2 protein chains.
Amino acid sequence: MRDPEVNDLETSVRNVPAGGKRELRLWLRLLSTANLVSGQIRRNLRAHFDVTLPRFDLMAQLYREPNGLRLSELSRRMMVSNGNVTGLVERLVQEGLVLRETDPDDRRAFVVRLSKEGNARFTRFAEENERFIVTLFQSLDRATMDALMDNLEKLKTSARRNATD
Amino acid sequence: MRDPEVNDLETSVRNVPAGGKRELRLWLRLLSTANLVSGQIRRNLRAHFDVTLPRFDLMAQLYREPNGLRLSELSRRMMVSNGNVTGLVERLVQEGLVLRETDPDDRRAFVVRLSKEGNARFTRFAEENERFIVTLFQSLDRATMDALMDNLEKLKTSARRNATD
DNA sequence: CTTATATCTTTTAATTGTAAAACAATTGAG
DNA sequence: CTCAATTGTTTTACAATTAAAAGATATAAG
């Protein structure tokens, strides 16, 4: 009987997949999956509620922080640049969905939170959005979802640990 | 001893996680993982080669099609809008990395492919990029990567099957 | 042939996004 | 206190992105 280790070694040399290494293919699959789903969610939110995905995401962050967040904390959580958040908040304030107030403790900072109207609107957005996502994912069994949760977390940990910056 | 099924049922009712249903949390994790990694890759490509991620992605598509692709096929594969590809190709043609030629079979269409220079440059980009991604993912074992590949494919299949459009 | 419909691409207008520099206020070291 | 470094935000310039409409060509049905 052959040593499975040898087999593994051979496989790793011989079985070079089209499209490059395992890691590269995994990255491409992760990206295309996220793109596919985010496109579907974006179009659904726009069609049903005339709201864009970035605005929805921003409101989602504020929804779970009734006392509000600083712009810097918001941009950190959304993983986008500060300047981007400045503009998004500006438009949401214009629409009356978000309030932007100076932080009493630090005159450099602003604290933003959902307005009453913003809170009410987001509640409706979120309900439909969750229903939509459950529908999209309905062919997955629980074990698959749990495995994805765990393994995506491992991927994040690896990417953070091995970052060059 | 208690029946585990009962326990599962109770869990599914009682243990409502912060941030909503399982599906929603999975989507948020997928999104944040893809954002984290794509940000790292984007900054790395920019720092080392002064190339943006969308341009790199476009060149990657053309790299494996030496005979070129129509703009519509390119936008389908990249999962972005037609107008977006028009602009990206325009800039890459300007830089001399991509060629844009009329399709002899269809006067509406254009076929784009990498120029000699584009091909040479992309080869260098890709080599460094793959090295970088392997580094980012180096703390993942093979089983985790394989499971992610399979389960992300299942997720895509579910999302496509259950799309409303 | 004509006309309707479909396909391929661009244009338009707006939003979203980044990076880098500028600005303003805070903090910490001496 | 003073000044250097840090932090929070905005501004600037530009790239990437979408949706929707428009333009151009192709195809198919009469």
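Because only heavy atoms are used, hydrogens play no part in the values below, and waters and symmetry mates are left out as well, while side chains stay in. Keep in mind that what you see is a predicted model, and the values were worked out from it rather than measured.
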Can you tell which of D:dA26, C:dC8, C:dT18 lies closest to the side chain of B:Ser72? C:dC8
Of the options C:dT10, C:dT7, D:dA16, whose atoms approach the side-chain atoms of B:Pro54 most closely? D:dA16
Whole-Å distance between D:dT18 C1' and A:Gln40 CD? 16 Å
Rounding to a whole Å, what distance do you find between B:Arg76:CZ and D:dT18:P? 15 Å
Without decimals, in angstroms, what is the distance between A:Leu71 CG and C:dA25 C1'? 15 Å
Which nucleotide in the list D:dT9, D:dA16, C:dT9 gets nearest to the side chain of B:Arg55? D:dA16
Which one, C:dT10, D:dG8, D:dT17, comes nearest to the side chain of A:Asp106? D:dG8
Taking OP1 and OP2 of D:dT11, is either one under 4.0 Å from a side-chain nitrogen or oxygen of A:Thr86? no
Going by atom types alone, do A:Ser81 and A:Asn84 pair a side-chain donor with an acceptor below 3.5 Å? no
I need the CG-P distance between A:Asn44 and D:dA19, as an integer number of Å. 12 Å
Does OP1 or OP2 of C:dC8 have a side-chain N or O of B:Arg70 closer than 4.0 Å? yes
The answer to which of B:Asn84 and A:Arg46 contacts DNA chain C further toward the 5' end, by nearest nucleotide, is B:Asn84
Both A:Asp105 and A:Leu53 contact DNA chain C. Taking the nearest nucleotide for each, which residue is further toward the 5' end? A:Leu53
Of the candidate nucleotides D:dA26, D:dT9, C:dG17, which contains the atom at the shortest distance from the side chain of A:Leu88? C:dG17
Ignoring hydrogens and angles, tell me if any N or O in the side chain of B:Ser158 forms a donor-acceptor pair with the backbone of A:Leu136 under 3.5 Å. yes
Value in whole Å for how far the P atom of C:dT18 lies from CG of B:Leu45: 15 Å
Per side chain to side chain contact (heavy atoms under 4.5 Å, CB included), A:Leu97 is matched among A:Arg91, A:Met59, A:Lys116, A:Arg55 by A:Met59
On DNA chain D, compare the nucleotides closest to A:Val111 and A:Gly39; which residue's is nearer the 5' end? A:Val111
In whole angstrom, what separates A:Phe110's CZ from D:dT10's C1'? 9 Å
B:Arg108 has a side chain; which of D:dT10, D:dA24, C:dT9 sits nearest to it? D:dA24
Short side-chain donor-acceptor distance under 3.5 Å, B:Ser32 and B:Asn35: no
May I ask you to check whether A:Phe56 and A:Phe49 place their ring centers less than 6.0 Å from one another? no
Of the candidate nucleotides D:dA16, D:dA19, D:dT10, which contains the atom at the shortest distance from the side chain of A:Asn82? D:dT10
Nucleotide nearest B:Arg91 when distance is taken to its side chain, options D:dA16, D:dT9, C:dT18: D:dA16
Name the nucleic acid region contacted by A:Ser81, choosing base, sugar-phosphate or nothing; use a 4.0 angstrom heavy-atom cut-off, strictly under. base
Rounded to whole Å, the CG-C1' distance (B:Asp103 to C:dT9) equals 12 Å
Take the protein atom CG of B:Leu58 and the nucleotide atom C1' of D:dA15, then report the distance between them rounded to whole Å. 14 Å
Scan side-chain atoms only and decide if A:Asn82 and A:Ser75 contain a donor-acceptor pair under the 3.5 Å cut-off. yes
